[in-house]
Amino acid sequence: MAKISVIGSSSMDLVVTSEKRPGAGETVLGDSFKTVPGGKGANQAVAAARLGAEVYMIGCVGDDHYGKSILDNFRKNGVRIDYVEPVTHTESGTAHIILAEGDNSIVVVKGANDYVTPSYVEKAVSIIRESDIVLIQQEIPEETVEYTAAICKNYHVPLLLNPAPARALKEEVIRQAAYITPNEHETEILFKGKDKQEVLREYQNKLFVTEGKAGVRYFNGKEEVLIPSYEVEAIDTTGAGDTFNAAFAVALAENMPLEQSIKFANRAASLSVTKFGAQGGMPTRSEVEGSL
Ligand code: RIB
């Protein structure tokens, strides 16, 4: 069984569905409102656990009602929470999501996720060292991503960095990570002014650009390849990237060949969008394998 540590955010998603997305200064009437577990870190932890990995979440929640629900959700999904601490006098992270016109828009308030600091992660070094792979995203402080990249390199544990939401990264972090999975927008921010084809060549078998419905692009040492995604009827695309990253990590940790790992992850991500909520459609192992 693959052992995976996920360092990242755990939040509550407050989701409004509406026919129309309001513009600045505009008010529209929505159709529904739901509260569901989310946060990129938590989503990736839950997705990896559903795919059969032994998952350790390293993160923080607030000492509020949302914090308790987030912890319950981890337990329900078999994610180990030995390294998830409630932070007192702080609210849990929240994501304010509008689902409209076939896509989402999200405002994230980090709350307790800002307490996932390097010294906090340091407490979990023993489990990080034992992991087959570590997953990290960017809804936590920048220094924590830098610290984690350095310790993973030091202990020879592969780090899968999902640089979302977008922010510039130090070159050292890019060098230390084993895998980086930006979308097209994040790629532009990470490699500002550089030609995408050149960057793919420079980081062969390391940089995987997720291009939504089109698939995932990378340079395999000989040529640039696009592994297409699977066509499905999408209900809610929130969490599709998280499912991709988690499934990719599970496959890599199990030593699946690279191309097969991407296909596995693409399939998992495509299934995840067929239900409401970031975690609502995240598939089990047998669902992915049965549909491949
Ligand atoms: O990647 C999707 C997640 O991003 C949502 O669950 C929301 O919490 C936002 O942080």
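In each ligand, atom 1 is the first atom listed, and ligand 1 is the first ligand listed. Being a predicted model, the structure only gives us computed values, none of them experimental. Side-chain atoms are counted along with the backbone in the values below, which use heavy atoms only and exclude waters and symmetry mates.
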Test: Arg217 and Glu224 ion pair at under 4.0 Å:
yes

Atoms of ligand 1 less than 4.0 Å from Glu139 heavy atoms?
4 (O), 9 (C), 10 (O)

Within ligand 1, which atoms have a heavy atom of Gly38 less than 4.0 Å away?
6 (O), 8 (O)

Is the shortest side-chain N to carboxylate O distance from Lys20 to Glu101 below 4.0 Å?
no

Less than 4.0 Å between a side-chain N and a carboxylate O, is that true for Lys123 and Glu85?
yes

Is the closest N or O pair between Gly39 and ligand 1 shorter than 3.5 Å?
yes

Does a salt bridge link Lys192 with Glu188, judged by any charged N lying under 4.0 Å from a carboxylate O?
no

Salt bridge Glu211-Lys196, side-chain N to carboxylate O under 4.0 Å
yes

Close approach, Gly241 and ligand 1, non-hydrogen under 4.0 angstrom
no

What is the closest protein heavy atom to atom 2 (C) of ligand 1, and at what distance does it sit?
Asp242 OD2, 3.3 Å

How close does the nearest protein non-hydrogen atom get to atom 4 (O) of ligand 1, and which residue and atom is it?
Lys40 NZ, 3.3 Å

Within a distance under 4.0 Å of any heavy atom of Ala278, pick out the atoms of ligand 1 and give their elements.
6 (O)

Passing option when Leu161 is tested against Val173, Leu135, Val134 for side-chain contact (heavy atoms from CB on, under 4.5 Å)
Val173

Residue, atom and distance of the protein heavy atom nearest atom 6 (O) of ligand 1 read Asp13 OD2, 2.6 Å

State plainly whether the residues Glu171 and Arg175 are in salt-bridge range, i.e. N to O under 4.0 Å.
no

Are any of the N/O atoms in Asn43 less than 3.5 Å from those in ligand 1?
yes

